[in-house]
Amino acid sequence: MSKDLEVQYTAGLKAALDRGYDVLRDNGSALDAVVAAICSLEDNPLFNAGKGAVFTKKGLNEMDAAIMDGSNLAAGGIAGVRNIKNPIKLAKEVMLHSGHVLLSGSGAAEFAINQGMVMTPDEYFFNQERYDQWVEIRDTNFTQLDHKGDNLKGPAVAPNPDHKFGTVGAVACDVHGNLAAGTSTGGMTNKRFGRIGDSPVIGAGTYANNETCAISCTGHGEFFLRAVVAHDVSCLMEYKGLSLKEACDVVVKDKLVKLGGEGGLIAVDAKGNYDFCFNSAGMYRGMRNSAGEEVVAYYGL
Ligand code: ASP
């Protein structure tokens, strides 16, 4: 990454951390902090979510997102939705007001309009870099992860050595020990057939439970779905008594690697312990807490 780009990413990550932290400092909920942080990333074209979402095979931007409240296990998600400015806000609406957990496609868009959500035209999502990324592979049947992907496996996935920008997610622990997790993404470049990744699927890419942890994942979604990654971390803590870090290591650095799934996750528990865990070369990540610690990092640990 060039120095200039690193400055931009650092600013983007710090802005998201600050937006989330401000909510928590003002005694807001973990849930609202997650929404605030993710909206900041969705509005930033550098990230593959909201404004910066990648292009599908048909040249569209179809977004997936989910949110979960660890205090009551309420959850909401949307999949394959277009023209919604902040997918994470729509996921929260689904959780609070739809009576359902996961809405998709035109039905989810109809729900968004009914709820008075901000809708944006296709042009809002145009991004030259994402477009060029798509043009390179649109005449193939490859999909491409918006990550550095030298070690990706699976016939339908093209390696992506140049681009390192991915899905966004946030996890938070508030002053009451309540946890929340959220994830938002454009998915994979050149995806087709209404492909849905792990991000909007509760238990796969997103999960929160006050008794264990809050998790948001990024990586090759098909593997994260098969490994039910976020819930597996929670289960290892609940059933086996592992610590947050131990559980993340087992799932990401052992089980996922054996399956061939590249990616990682961010995690926090109700004591405020946090972990960044990934089996890829790097993962853009950040943390801010009330002890005054602040971290922004990109490459391997
Ligand atoms: N997990 C996302 C998906 O498969 C992609 C990503 O994390 O960048 O849709």
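Side-chain atoms are counted along with the backbone in the values below, which use heavy atoms only and exclude waters and symmetry mates. Counting starts at 1 for both ligands and their atoms, in listed order. Please read these numbers as outputs of a predicted model, since none were measured by experiment.
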Open item on the list: Could you tell me, atom by atom, which parts of ligand 1 come under 4.0 Å of a heavy atom of T218?
Closed with: 6 (C), 7 (O), 8 (O)
- [ ] Check whether any N or O atom of E222, backbone or side chain, sits under 3.5 Å from an N or O atom of ligand 1, and answer yes or no.
- [x] no
Open item on the list: Is the shortest side-chain heavy-atom distance between K14 and Y9 below 4.5 Å?
Closed with: no
TODO: Would you indicate whether K89, at its atom NZ, is surrounded by more than 12 heavy atoms from other residues, nucleotides or ligands within a distance under 6.0 Å?
DONE: no
- [ ] Run the numbers for me: atoms of ligand 1, each under 4.0 Å from some heavy atom of G197, listed by number.
- [x] 9 (O)
- [ ] Answer yes or no on whether K51 is positioned over the face of F125, meaning its NZ or CZ is under 6.0 Å from the six-membered ring centre and within 45° of the axis.
- [x] no
Open item on the list: Regarding E222 and R195, does a basic nitrogen lie under 4.0 Å from an acidic carboxylate oxygen?
Closed with: yes
Open item on the list: Under 4.0 Å, counting heavy atoms only: does R195 come that close to any atom of ligand 1?
Closed with: yes
- [ ] Could you tell me whether C217 and ligand 1 have an N or O pair separated by under 3.5 Å?
- [x] no
- [ ] Answer yes or no for G219: is there a heavy-atom contact with ligand 1 below 4.0 Å?
- [x] yes
Open item on the list: Counting the benzene-type ring for Trp, do Y284 and F47 have ring centres under 6.0 Å apart?
Closed with: no
Task: Contact atoms of ligand 1, heavy-atom distance to D198 under 4.0 Å - done: 1 (N), 2 (C), 3 (C), 4 (O)
Open item on the list: Counting neighbours of CD on E211 that are heavy atoms of other residues, nucleotides or ligands and sit closer than 6.0 Å, is the number greater than 12?
Closed with: no
Open item on the list: Using ring centroids (six-membered ring only for Trp), state whether F276 and Y274 fall under 6.0 Å.
Closed with: yes
Open item on the list: Below 3.5 Å, N or O to N or O, backbone or side chain included: is there any such pair between H220 and ligand 1?
Closed with: no
Task: Polar atom proximity, T185 to ligand 1 (N or O, under 3.5 Å) - done: no
